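Report on the following structure.
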Amino acid sequence: MKACKFKLLPIPREITFSDKVCENIKVEVVISPKDLAHIEGYRLNINTSGIKIIAHDEAGAFYAKQTLKQLELQSKAGTLPCVEIVDWPDFPNRGIMLDVSRDRVPTMDCLFKMIDMFASWKINHLELYIEHTFAYKNHREVWKDASPFTAKEIQEIDVYCKERFIELVPFQNSFGHMHRWLKHDNYRHLAECPGGWPMAWSMGDDEPFSLCPTDPACIELLEELYDEYLPNFSSDKFMVGCDETMDSGQGRSKEYCQKIGGKGKLYLEFLWKLHNSISKHGKTMMYFGDIIINYPELLNKLPKDAILMHWGYYIDFPYEEHCKLFAEANLPFYVLPSNAAYSSVAGRTARAIGNIRNAAFTGLKYGAAGMVNTEWGDNGHWHSLTVSTLGYAYGAAMSWCPEANQDIDIARTLDILVFKDKAGVVGKLLYDLGNCYLHTSKDNNQSSNLYMIAFKAQCKRDEAPFNELTIKDLQTTLDEINEIMSRLDSTNMHCDDAELVKEEITMAGNFVKFACNAGLKLLKSDVTCLAELPDKQKQSLIADLNKITELHEQTWKQRSRSGGLKDSLWWFQQIIEKISA
């Protein structure tokens with residue numbers, strides 16, 4: 001048997017097949033750090049006499065069994081290929097950060113299935129990104145419509161993760177992205193700009209965004225939250241976020257900010273306040289690096305016992321420059337790429353792969369202690385788990401061993417290990433669907449232009465995104481998406497959620513078609529915006545969007561809780577109103 005016959009995720013660093021077959025599938029497991037020096041490492045030997053696993057630790061034995069399960073899935077019942085595998089991870093911490101605040105909160109059943117999938121890929125770190133979706137006892141006003149996680153549920157998730165050698169790391173954003181709290185009258189006085197600060201992802205310009213870093217009451221609130229939240233986790237880490245605080249120093253703290261020498265020092269002071277609060281709980285603070293990287297002269301003043309989590313989502317994001325600075329400052333850090341599904345609906349395959357590859361190799365070069373692949377749900381979280389899966393899987397593979405996995409056949413691997421598609425269709429379909437943005441967008445676009453056609457439906461034809469589009473590119477994309485979606489009926493999936501996977505792919509494909517048709521109608525006309533199109537054309541677009549909205553709602557209810565759905569649908573309604581205006 002040859003190695004190419006089997007698809008493994010991640011691909012092991014050392015693997016040697018023979019032509020023989022093992023029919024004795026009894027497994028012997030030996031834990032021996034002496035025989036295998038690498039933490040979480042294992043040796044899997046399958047020969048005609050049986051199966052033996054030698055592992056550095058219990059986690060290594062668990063990962064060997066995941067590899068064994070993947071081989072069993074591809075072998076004749078009762079047999080296994082004879083093979084020698086020696087494997088261990090490059091990154092000690094290999095994670096996924098799942099946005100459960102904007103706006104999808106997964107059901108417990110869905111989340112447990114995701115955890116099983118992540119564990120099978122040797123992921124050992126999971127963060128649930130929380131803004132307002134934990135049921136704090138004294139703050140019902142903030143979360144009452146969000147179907148939040150309860151303390152009991154978090155404890156259950158923590159145990160479920162631990163049994164699969166995954167560390168569930170608590171996450172509560174604690175500086176910026178607090179608009180879900182601050183928009184309420186009972187909390188607005190804690191904001192840096194109580195009257196509001198316009199952000200692209202806000203649902204209104206009057207929504208405040210960040211806490212005021214000079215107000216002692218903000219720390220008091222956060223300490224109350226930490227006291228209730230953190231005891232539900234067994235992890236010794238705590239992620240406080242603190243990203244995108246663009247309004248900091250612009251409102252109530254402006255005078256003090258100028259007095260101490262600028263926004264960088266203001267940010268640093270508040271970070272140390274958080275650090276002191278978290279230290280009381282015996283936790284290691286984790287925080288985003290997007291703000292402090294703008295003040296490299298302050299890197300040496302950051303707490304050395306905290307972990308900097310550095311995100312950047314472009315293919316050519318300057319990880320090289322930034323990671324070198326962190327290493328020189330002796331700062332513990334992780335790299336955080338993205339599965340690139342956000343602001344796309346159909347995904348962005350090339351961007352995800354390029355971004356993850358950049359982060360993995362550069363992080364490894366400069367000694368990053370971990371790589372966490374991020375999933376975001378900006379503006380309604382329209383994309384589905386199915387669309388996100390390719391980026392999740394590639395990120396898991398690259399966080400294990402970049403050298404062995406950089407060119408993994410991710411489409412075929414998903415066919416076999418995730419979707420169980422005997423026709424071998426759906427993996428490549430998703431791969432190609434995720435690349436349909438390439439005709440119309442550059443990598444440095446924060447959102448795909450196809451997505452922005454809908455999101456900025458009120459824009460004129462001489463404004464972005466319409467001024468970056470051509471009839472030829474849109475027609476090419478539409479023809480391509482029609483061909484891609486025609487393959488869906490050829491799939492032969494045997495995963496438990498096969499029908500739902502097809503529905504989620506259909507929703508994504510229909511959205512891209514809608515965007516192409518909207519752009520084509522505008523560019524082929526002599527009007528200045530979509531709202532000026534003839535009524536018949538507008539009604540056609542609205543009818544298509546209504547069908548997409550219905551399918552989005554239908555699929556949402558099968559994986560996610562009801563809270564957040566209203567907010568997600570609000571964004572669709574905005575498009576309809578912009579076209580109808």
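Since we're looking at a predicted model, the values are computed, not measured.
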### Query
Are the aromatic ring centres of Phe118 and Tyr392 under 6.0 angstrom apart?
yes

### Message
Between the side chains of Asp103 and Arg180, is the shortest nitrogen-to-carboxylate-oxygen separation below 4.0 Å, so that they form an ion pair?
### Response
yes

### Message
Under the criterion side chain to side chain contact (heavy atoms under 4.5 Å, CB included), I'd like the reasoning laid out for Glu320 against Lys365: C-alpha separation, chi angles, the key distance, then a yes or no.
### Response
CA-CA 9 Å; Glu320 176 81 23; Lys365 176 179 177 181; 2.9 Å; yes

### Query
Have Asp305 and His275 got a donor and an acceptor in their side chains that come within less than 3.5 Å?
yes

### Task
Answer with yes or no after comparing the ring centroid distance for Tyr63 and Trp88 against a 6.0 Å cut-off, counting only values under it.
no

### Query
Are any of the side-chain heavy atoms of Val372 and Asn93 separated by less than 4.5 Å?
no

### Query
In terms of side-chain geometry, is the basic nitrogen of Lys237 or Glu167 positioned less than 4.0 Å from the acidic oxygen of its partner?
yes

### Query
Between the side chain of Trp382 and the main-chain N/O of Ser343, is any donor-acceptor distance below 3.5 Å?
no

### Message
Please tell me whether Tyr129 and Asn173 have a donor and an acceptor in their side chains that are separated by less than 3.5 angstrom.
### Response
yes

### Query
Would you call His552 and Leu569 a side-chain contact if the rule is heavy atoms closer than 4.5 Å?
yes

### Task
Tell me, yes or no, whether the heavy-atom count around Glu255 atom CD, taken from other residues, nucleotides or ligands under 6.0 Å, exceeds 12.
no

### Message
Can a donor-acceptor pair be found, under 3.5 Å and without considering hydrogens, that links the side chain of Tyr394 to the backbone of Gln406?
### Response
yes

### Task
State, with a plain yes or no, whether a side-chain heavy atom of Ile157 is found less than 4.5 Å away from one of Ile115.
yes

### Query
Looking at side-chain heavy atoms only, is the closest gap between Pro465 and Lys456 below 4.5 Å?
yes

### Query
Can you tell me if Ser344 uses its side chain to pair, donor with acceptor, with the backbone of Ala341 under 3.5 Å?
yes

### Task
Say whether, by atom type as modelled, one donor and one acceptor occur between the side chain of Lys283 and the main chain of Ser235 under 3.5 angstrom.
yes

### ring pair (Phe, Tyr, Trp, His ring centres under 6.0 Å) assessment of His310 paired with Tyr334
CA-CA 6 Å; His310 198 51; Tyr334 292 12; over 10 Å; no

### Query
Is the closest side-chain heavy-atom distance between Phe455 and Gln574 below 4.5 Å?
no

### Task
State, with a plain yes or no, whether a side-chain heavy atom of Thr389 is found less than 4.5 Å away from one of Leu430.
no

### Query
If you measure from CG on Asn373 to CD1 on Ile123, what distance do you get to the nearest 0.5 Å?
7.5 Å

### Task
Using the test side-chain hydrogen bond (donor to acceptor under 3.5 Å, both in side chains), find all partners of Asp145 that sit at least two apart in sequence or belong to another chain.
none

### Message
Between Ser277 and Glu223, do the side chains contain a donor N or O and an acceptor N or O under 3.5 Å apart?
### Response
yes

### Query
Can you tell me if Ser174 uses its side chain to pair, donor with acceptor, with the backbone of Gln172 under 3.5 Å?
yes

### Message
Within the 3.5 Å criterion, strictly below it, is a donor on Asp158 or Ser234 matched to an acceptor on the partner's side chain?
### Response
yes

### Task
For atom NZ of Lys460, decide whether the heavy atoms of other residues, nucleotides or ligands shown that lie under 6.0 angstrom number more than 12.
no

### Task
Look at the rings of Phe134 and Tyr229 and say which category their plane angle falls in: under 30° parallel, 30 to 60° tilted, over 60° perpendicular.
perpendicular

### Message
Under a 3.5 Å distance rule, please check whether Asp57 uses its side chain to pair with a backbone N or O of Ile39 as donor and acceptor.
### Response
no

### Query
Do His322 and Phe317 have their ring centres less than 6.0 Å from each other?
yes

### Query
Quick one: SG on Cys161 to CG on Leu128, what's the gap to the nearest 0.5 Å?
7.5 Å

### Message
Parallel, tilted or perpendicular, judged at 30° and 60°: which one describes the rings of Trp400 and Tyr42?
### Response
tilted

### Task
Determine, step by step, whether Glu192 and Ser210 satisfy the side chain to side chain donor-acceptor pair (under 3.5 Å) criterion, reporting the C-alpha distance in whole Å, the side-chain angles of both residues, the deciding distance to 0.1 Å, and the verdict.
CA-CA 6 Å; Glu192 170 71 4; Ser210 297; over 6 Å; no

### Query
Is the closest side-chain heavy-atom distance between Leu298 and Leu302 below 4.5 Å?
no

### Summary
d(Thr107 OG1, Met114 CE) to nearest 0.5 Å is 10.0 Å

### Message
Below 30° counts as parallel, above 60° as perpendicular, anything between as tilted: where do the rings of Phe62 and Phe165 land?
### Response
tilted

### Message
Applying ring-ring contact (aromatic ring centres under 6.0 Å, His included), can you list everything that pairs with Tyr342, at least two apart in sequence or on another chain?
### Response
Tyr313

### Message
Using modelled atom types and a 3.5 Å cut-off, is there a donor and acceptor pairing between side-chain atoms of Ser568 and backbone atoms of Gly564?
### Response
no

### Query
Would you say the side-chain atoms of Asn405 pair up with the backbone N or O of Cys401, donor to acceptor, closer than 3.5 Å?
yes

### Message
Using side-chain heavy atoms (C-beta onward) and a distance below 4.5 Å, is Leu438 in contact with Thr349?
### Response
no

### Task
Only one of Tyr226, Phe175, Phe288 passes side chain to side chain contact (heavy atoms under 4.5 Å, CB included) with Val240; say which it is.
Tyr226

### Task
For Asn355 and Pro337, indicate whether the former's side chain and the latter's backbone hold a donor-acceptor pair under 3.5 Å.
no

### Message
Using ring centroids (six-membered ring only for Trp), state whether His281 and Phe238 fall under 6.0 Å.
### Response
no

### Task
Please say whether the positively charged group of Arg357, taken as NZ for Lys or CZ for Arg, lies over the ring of Phe361, i.e. under 6.0 angstrom from the six-membered ring centre and within 45 degrees of the axis.
no

### Query
What do you reckon, is NZ of Lys304 surrounded by more than 12 foreign heavy atoms closer than 6.0 Å?
yes

### Message
Side chains of Glu40 and His38 only: does a donor on one sit below 3.5 Å from an acceptor on the other?
### Response
no

### Message
How long is the straight-line distance from CG of Leu385 back to CZ of Arg559, given to the nearest 0.5 Å?
### Response
4.5 Å

#### Entry: Any donor-acceptor N or O pair under 3.5 Å, side chains Tyr187, His139
yes

### Task
Please round to the nearest 0.5 Å and tell me the distance separating atom OG of Ser441 and atom CZ of Arg348.
7.5 Å

#### Entry: Plane angle bin for His381 and His383 - parallel if under 30°, tilted between 30 and 60°, otherwise perpendicular
tilted

### Spacing of Cys193 atom SG and Arg252 atom CZ [to the nearest 0.5 Å]
9.5 Å

### Message
Strictly below 4.0 Å, N to O, side chains only: are Lys152 and Glu156 in salt-bridge contact?
### Response
yes

### Query
Would you say the side-chain atoms of Trp181 pair up with the backbone N or O of Glu131, donor to acceptor, closer than 3.5 Å?
yes

### Message
side chain to side chain contact (heavy atoms under 4.5 Å, CB included) for Ile219 and Asn276? Distances and angles first, verdict last.
### Response
CA-CA 10 Å; Ile219 291 294; Asn276 294 337; over 6 Å; no

